[in-house]
Amino acid sequence: MQSAGMNPSSLHTLEYHELLAVLSRYLTSGLARERSPLLQVQPQMADLRRELRCTTELKQLLSEGHRFNFSELSSISEIFSHLAIQGSVLEPLEILEMEKLLQAFRRTRASGRAVQEKYPGIGRMAEQLPELQMLEKQLKGKVLPTGELANEASPALDSIRKSIRRVNEKIQHTLSKLVQKGSGSPAVQDEFVTLRNDRFVIPVRVEQRKNIPGVFHGSSSSGATVYVEPLSVVELNNDLASRREAERKEVQRILASLSDQLRAVLPEMQAGADVLVELDITQAKADFSRDFNCCEPELNTEGTLGLDQARHPLLEDTLRRRGKTTVPVSIDLNRGRNLLVISGPNTGGKTVALKTVGLLALMAQSGMHIPAERATLPLFNNILADIGDRQSIQESLSTFASHVTNLCAMAAEVSSSDLVLIDEIGTGTDPAEGEALAVSTADFFRKSGAFTVITTHFSGLKIYASQTEGAVNSSMEFDEKTLKPTFRLIGGVAGASSGIEIAARLGLPHEITAEARRRLSAGHSSMIDFLNQLREEKKQYESGQVQLREEIDRSRADRQNAQLDFSRRWEQKARELESRFESFLGQVELHAKNVVEKIGDEKSRAQARREMDQEIKRLKERHRTQLKALVSETVPPAEEASVEEDSSNHVFRVGEKVFVRSFRKEGLLHKIDPAGTADVLIGSFKAKVPLAECRPLKPTASAAAPSSRAERSKADPHVIVETTAAESTEINLVGYTAEEALHTADKFLDQAFLANAPKVRIIHGSGMGVLRRSLADLFSKHPQVQKFYPAPPDQGGNGVTIVELKL
């Protein structure tokens with residue numbers, strides 16, 4: 001199997017063909033191995049979804065103990081080529097292979113029809129096979145497994161062969177009598193009859209040749225024996241030769257007739273063979289999916305790349321043979337956050353993580369399931385990869401020059417529909433210049449809109465990722481106790497390279513590593529300590545978050561047993577969680593500031609301070625959102641009197657208010673996915689839930705005659721303005737792109753104006769000020785805005801804008 005449509009260099013770099021070699025182990029037929037079509041890596045959503053669905057169906061079919069068997073089908077490409085020549089005649093064994101093919105068509109069609117109701121995709125594939133049962137009957141039994149035509153191939157052939165047997169028996173009888181009669185004579189060498197030149201003869205001693213009249217047919221290797229056809233059987237041998245010629249002509253006539261019948265349906269057989277190949281490949285994909293615990297990837301057009309507990313299949317295949325397991329990785333990118341910078345120790349798994357993303361994207365676009373617990377991916381037009389040492393002596397290119405040459409080609413053809421993978425960017429030259437080049441290259445690909453994943457050791461690139469909208473850090477974990485990498489990818493924080501620790505573990509003499517630590521600048525050492533401390537704080541917080549979720553789960557169980565008492569306990573728990581969270585964040589921030597202030601080098605201290613501020617800010621915003629979502633899960637049940645019980649015939653529409661059963665809250669339908677899921681805005685956060693969890697609300701008197709402005713807002717619901725004053729006068733735009741924020745803020749101001757709100761708060765965060773400046777431009781031109789200004793320091797400062805409206 002091969003691939004088409006992607007950058008060939010990237011396919012080689014990502015070891016795509018090695019993956020296909022693993023997949024080919026599951027093929028059952030020589031037909032699929034030799035004659036399989038190109039396994040397309042293609043950006044065709046409909047075709048890929050069909051292939052993925054069929055793979056899922058076959059996987060389920062296999063789990064039920066059913067399997068298609070194509071093991072009898074061998075390579076037939078040469079037979080088809082031979083048959084395509086007008087007037088050509090197939091050999092008997094070639095006709096036998098065609099008979100097996102026709103039998104496979106019939107059996108597979110029958111199997112597909114048997115499961116079509118439960119597995120429609122497989123049924124549709126099987127229905128494409130040609131119905132050639134009449135031709136199959138014509139071929140049945142004509143050719144024996146030995147490659148000979150059966151006597152029953154035609155009445156004439158049967159008659160000829162019977163006459164041949166009669167003449168043959170008569171010759172044998174005549175010669176046997178002659179041999180037995182002369183067995184005591186010195187003329188006859190042995191008591192047996194043999195064949196020479198397709199004629200029956202007897203062996204005679206060379207000195208007695210004249211005593212046995214007949215036709216000479218050669219001598220033995222020693223020359224002591226000659227082979228003579230006695231005159232008494234010459235005519236019989238002539239008759240036998242004539243009948244054998246008649247047999248040969250009849251066999252040739254039968255083969256020509258059968259070949260002509262096959263040639264008449266050659267296009268149908270070729271198309272059917274393609275279907276069998278596709279079924280064999282699909283079954284191989286299903287077997288692969290079962291063996292590697294794969295999931296069906298969800299293909300999306302929204303621009304979301306999410307891999308949960310993903311594993312590299314080739315690495316897993318290798319480690320399995322050694323009795324080891326693969327450490328999975330998880331990533332989450334989207335159009336608003338399309339750059340991932342992976343840092344951490346050498347030998348820590350950065351390159352494997354990079355290759356995992358690329359190879360799994362290729363698998364999804366080949367119609368394969370991928371080894372992960374969950375996966376959602378966009379379709380990529382191309383995958384551009386720069387991984388590994390590309391040094392070329394023949395072309396006089398150093399490692400650095402080779403990488404730059406490759407980056408030039410990638411930059412020239414990149415588009416927003418591509419996936420870009422770069423390993424150890426900027427290495428191989430002066431570190432300062434390499435770092436500057438790494439940051440500028442990362443920024444270029446981020447701005448191109450392409451999903452970009454980069455591995456690095458440069459602190460400058462880590463800081464860039466922490467301070468730039470649309471970029472995010474991740475690090476490969478390093479166990480400080482064992483001084484070994486764990487190969488776990490930790491999201492949200494940059495990682496230290498730990499080069500000296502790894503060198504020591506690999507056996508570099510202590511005096512070298514000790515001197516290296518001494519020579520390492522105090523500022524750099526403190527920054528590494530800071531990154532390690534921040535990573536530890538994050539782990540502690542995540543552990544605390546797990547405990548909080550467990551408490552919430554217990555509270556939810558209590559709610560089922562004591563609903564009335566739950567409301568009081570929920571309010572107390574919410575205040576307790578909020579207090580503990582604020583206290584924890586305060587400790588993290590204080591500890592981080594103390595670490596930074598100990599850095600001696602001014603430049604390093606400034607860099608660390610900036611990085612600390614960004615990381616603390618991101619930590620606060622991200623986990624406050626998570627905490628809010630966690631608490632919202634425990635909200636007491638909303639009044640359900642206005643909920644329609646039967647929604648089976650209801651047609652949901654974007655902008656419609658619904659009741660979400662799993663959250664027990666009302667929300668607004670933001671988006672409906674054809675796969676049966678929906679994005680629902682509940683308060684200030686968005687949840688993805690099955691559409692079946694949504695219930696329509698009964699119409700109320702106030703909703704019977706909506707204003708035209710309100711109806712227009714339903715068509716594009718970016719903001720929810722609840723009836724309480726607290727929620728209707730504040731909106732959080734942190735994490736929005738500038739375009740999304742402007743659109744959302746504009747609608748929010750309109751709704752606040754209609755609600756007669758004198759003043760509203762717009763939360764946008766500090767960051768680099770891009771969002772704040774864009775919103776300021778909107779406020780200055782908005783017809784309902786009286787004036788606007790930053791919030792007081794104790795109310796958010798520059799991260800919040802107060803807007804007063806004209807009333």
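When all heavy atoms of D308 and A372 are compared, the pair lying nearest together is O-CB, 3.6 Å. Summarising the geometry of Q309 relative to S330, their closest heavy-atom pair is N-OG, 2.8 Å, with the distance given to 0.1 Å. When every heavy atom of E57 is checked against every heavy atom of P120, the shortest pair comes out as OE2-CD, 3.5 Å. Nearest heavy-atom pair, P313 versus P371, reported as atom, atom and distance to 0.1 Å: CD-CG, 4.0 Å. Here the closest heavy-atom approach between residue I425 and residue F458 is recorded as O-CE1, 3.2 Å. Between S289 and K59 the shortest heavy-atom distance is OG-NZ, 2.9 Å.
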Report task. Applying side-chain contact (heavy atoms from CB on, under 4.5 Å), run through K118 and Q60 and close with a yes or a no. Result -> CA-CA 10 Å; K118 187 174 182 180; Q60 294 170 347; 6.0 Å; no

Report task. Using the side-chain contact (heavy atoms from CB on, under 4.5 Å) rule, take L333 and V472 through it: C-alpha gap first, then chi angles, then the decisive distance, then the call. Result -> CA-CA 9 Å; L333 296 175; V472 63; 4.1 Å; yes

Report task. Apply the test side-chain contact (heavy atoms from CB on, under 4.5 Å) to residues N293 and R311: give CA-CA distance (whole Å), side-chain angles for both, the deciding distance (0.1 Å), then the verdict. Result -> CA-CA 10 Å; N293 300 314; R311 292 161 280 116; 3.9 Å; yes

Query - Full working for side-chain contact (heavy atoms from CB on, under 4.5 Å) between V680 and C694 - result: CA-CA 9 Å; V680 183; C694 298; 4.2 Å; yes

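Here CZ of F445 is found 7.0 Å from CG of L384. Values are rounded to the nearest 0.5 Å. Atom CG of residue L61 and atom CD of residue Q283 lie 8.0 Å apart, to the nearest 0.5 angstrom. Here CG of L279 is found 4.0 Å from CE of M125. Values are rounded to the nearest 0.5 Å. A distance of 9.5 Å separates CD1 in I342 from OG in S475, rounded to the nearest 0.5 Å. Distance CG/L360 to CG/L419: 11.0 Å, rounded to 0.5 Å. Remark: F70 CZ to T28 OG1 distance equals 6.0 Å, nearest 0.5 Å.
Between the side chain of E740 and the backbone N or O of T737 there is at least one donor-acceptor pair closer than 3.5 Å. A donor-acceptor pair is defined here as one N or O able to donate and one able to accept, closer than 3.5 Å; such a pair exists between the side chain of T452 and the backbone of A450. Of the possible polar contacts, none joining the T455 side chain to the T351 backbone as a donor-acceptor pair under 3.5 Å is found. Put simply, the side chain of N338 never gets that close to the backbone of S448: no donor and acceptor are under 3.5 Å apart. No side-chain donor-acceptor contact under 3.5 Å links N7 to the backbone of N382. Distance alone, capped at 3.5 Å, places no donor-acceptor pair between the R335 side chain and the E302 backbone. With hydrogens and angles ignored, the 3.5 Å screen pairs no side-chain donor or acceptor of R446 with any backbone N or O of T468.
F380 pairs with exactly one of V420, L362, L305 by the side-chain contact (heavy atoms from CB on, under 4.5 Å) rule, that one being L305.
A heavy-atom distance below 4.5 Å is not found between the side chains of Q365 and I383. Two residues are said to be in side-chain contact when any heavy atoms from C-beta on lie closer than 4.5 Å; T456 and K350 fail this criterion. At least one side-chain heavy atom of L129 sits under 4.5 Å from a side-chain heavy atom of L276. Using a 4.5 Å heavy-atom threshold, the side chains of T13 and D386 count as separate. L339 places a side-chain heavy atom less than 4.5 Å from the side chain of V341. Put simply, the side chain of H312 reaches to within 4.5 Å of the side chain of L359, judged on heavy atoms. With contacts defined as side-chain heavy-atom distances shorter than 4.5 Å, the pair I454/T441 does not qualify. At least one side-chain heavy atom of D291 sits under 4.5 Å from a side-chain heavy atom of R320.
Between the side chains of K285 and T55, no donor-acceptor pair of N or O atoms lies under 3.5 Å. Donor-acceptor pairing under 3.5 Å is recorded for the side chains of N300 and T376.
Under the side chain to side chain contact (heavy atoms under 4.5 Å, CB included) criterion, N69 pairs with S71, sequence neighbours left out. Scored by the side chain to side chain donor-acceptor pair (under 3.5 Å) test, S29 finds D280 as partners (sequence neighbours excluded). Take D287 and apply the salt bridge (charged side-chain N to carboxylate O under 4.0 Å, His left out) test, not counting sequence neighbours, and it matches R67. Legend: residues meeting side chain to side chain donor-acceptor pair (under 3.5 Å) with R25, ordered by chain and number and at least two apart, are D317. Checked against salt bridge (charged side-chain N to carboxylate O under 4.0 Å, His left out), D673 has no partners two or more places apart in sequence or in another chain. For the side chain to side chain contact (heavy atoms under 4.5 Å, CB included) test, no residue two or more places apart in sequence or in another chain qualifies with H12. For K447, the side chain to side chain contact (heavy atoms under 4.5 Å, CB included) partners two or more places apart in sequence, or in a different chain, are D443. Under the side chain to side chain contact (heavy atoms under 4.5 Å, CB included) criterion, A284 pairs with L23, Y26, L27, not counting sequence neighbours. In this view, R53 and E296 satisfy the salt bridge (charged side-chain N to carboxylate O under 4.0 Å, His left out) rule, not counting sequence neighbours. Partners of R322 under the salt bridge (charged side-chain N to carboxylate O under 4.0 Å, His left out) rule, at least two apart in sequence or in another chain, do not exist in this structure.
Sorted by first then second residue, the salt bridge (Lys or Arg N to Asp or Glu O under 4.0 Å) pairs that include residues 404-423, not counting sequence neighbours, number zero. Counting only residues at least two apart or in different chains, ring pair (Phe, Tyr, Trp, His ring centres under 6.0 Å) contacts with residues 284-309 comprise F288-F292.
Few gaps surround CD on E64; more than 12 heavy atoms of other groups in view lie less than 6.0 Å from it.
Checked for salt-bridge contact, R50 and E278 meet the test: a charged N lies under 4.0 Å from a carboxylate O.
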